[in-house]
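Beneath this line is the structure, given in structure tokens, with notes to follow.
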Amino acid sequence: MLSVKHLIDTPSLTADDITQILDTARSFAEVNNRSIKKVPALRGRTIVNLFLEPSTRTRSSFELAEKRLSADTLNMGGSTSSVVKGESLADTIQTIDAMNVDMFVVRARLAGTPQLVTHYTDAVVINAGDGKHQHPTQAMLDLYTIREHFGHLDGLKVAIVGDLSHSRVAGSLAPALKTMGADVTLVGPPTFLVDDPIYYGCEQTSHFDDLIEDMDVIYTLRVQLERMEGAVIPSKREYNRLFGLDEARMARMKDNAIVCHPGPMNRGMEINAAVADSERSRILDQVSAGVATRMAEMYLLLGGENNVISD
Ligand code: CP
């Protein structure tokens, strides 16, 4: 069992919580490789996917994870619910809660929405990404992918590169890596660097080219053009020249080093196509890990000890 009731952010997770999620995800990865990809672990449980912001990877992997755990699911989006008629989030949650559901998975444009949902339901809440705040399930699939490659997380050197100031991915991944004993360096133009205690213990630099040879993992972040106000980078081409992961930079990486990206990618901006599609890239492994790690999180949060993994 995890030490938290809800999965809202990664700083609340202990090293033991993270290890349990990653170890349990390994069992579910094996289920996902079977011809019949289904176990009865959450049979009879009801999970609501409340996605108030667009998503491809997170939404589809939660839905698949729920189906593979045999849970009953209800999918709601902002544009298809009574939110468009002016119903408040509180009334929406209390209405759905009255139907005796077990879990809400919440993606929202506004930071703090999943935490707010916990006030209006006794059900378990998972944050599937809230504004610029947190994306804890992304961090778990990232850690899983990295651990599968290296066999461990402690002592690894990880550079998180790019649009740190708008990134819930960085804000979740960096503390989780620190909890697991990795060294984290944040890299970006001065306008993207961060002054937030969540990054305590991380190095920060704008000199990407100085550290490439030293890193085990280069994790590039999407430049979040939709969340920007004002001109914070000179141009896409200039950004790519200084901070883009291109073939020349990739060629300087250690033999066993890997490249990650949470998706969706701006190819030609933070990462070039030749790198994204290279053998070093773990981007599609991250997507695969998203199903297994989300199965593990839901299984553990809904009292997995009393359930079954094997069919
Ligand atoms: N990485 C991620 O959260 O992608 P989606 O927005 O497609 O879910």
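Counting starts at 1 for both ligands and their atoms, in listed order. Heavy-atom basis, side chains included; hydrogens, waters and symmetry copies ignored.
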Could you pull out every N or O of ligand 1 that sits under 3.5 Å from a protein N or O, with the distance for each pair?
| unit_1 | atom_1 | unit_2 | atom_2 | d |
| --- | --- | --- | --- | --- |
| ligand 1 | 1 (N) | Gln138 | OE1 | 3.1 |
| ligand 1 | 1 (N) | Pro262 | O | 2.9 |
| ligand 1 | 1 (N) | Gly263 | O | 3.1 |
| ligand 1 | 3 (O) | Thr58 | OG1 | 3.0 |
| ligand 1 | 3 (O) | Arg107 | NH2 | 3.1 |
| ligand 1 | 3 (O) | His135 | NE2 | 2.8 |
| ligand 1 | 4 (O) | Arg57 | NE | 3.1 |
| ligand 1 | 6 (O) | Arg107 | NH1 | 3.3 |
| ligand 1 | 7 (O) | Thr56 | N | 2.8 |
| ligand 1 | 7 (O) | Arg57 | N | 3.0 |
| ligand 1 | 7 (O) | Arg57 | NE | 3.2 |
| ligand 1 | 7 (O) | Arg57 | NH2 | 3.1 |
| ligand 1 | 8 (O) | Ser55 | OG | 2.6 |
| ligand 1 | 8 (O) | Thr58 | N | 2.9 |
| ligand 1 | 8 (O) | Thr58 | OG1 | 2.6 |
| ligand 1 | 8 (O) | Arg107 | NH2 | 3.2 |

For a quick test of your reading: what N or O donor-acceptor pairs under 3.5 Å do the side chains of residues 111-118 make, sequence neighbours left out?
| unit_1 | atom_1 | unit_2 | atom_2 | d |
| --- | --- | --- | --- | --- |
| Thr113 | OG1 | Leu110 | O | 2.7 |
| Thr118 | OG1 | Gln115 | O | 2.5 |

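In this pair, Phe208 and Phe243 present their aromatic rings parallel. The plane angle is below 30°, not in the 30 to 60° band.
Ion pairing between Arg26 and Glu30 fails under the 4.0 Å rule for side-chain N and carboxylate O.
Judged by distance alone, the side chain of His207 and the main-chain N or O of Asp209 form no donor-acceptor pair under 3.5 Å.
In this structure Asp277 satisfies the salt bridge (charged side-chain N to carboxylate O under 4.0 Å, His left out) test together with Arg267, sequence neighbours excluded. Residues forming a side-chain hydrogen bond (donor to acceptor under 3.5 Å, both in side chains) with Asn256 (at least two apart in sequence, or on another chain): His149.
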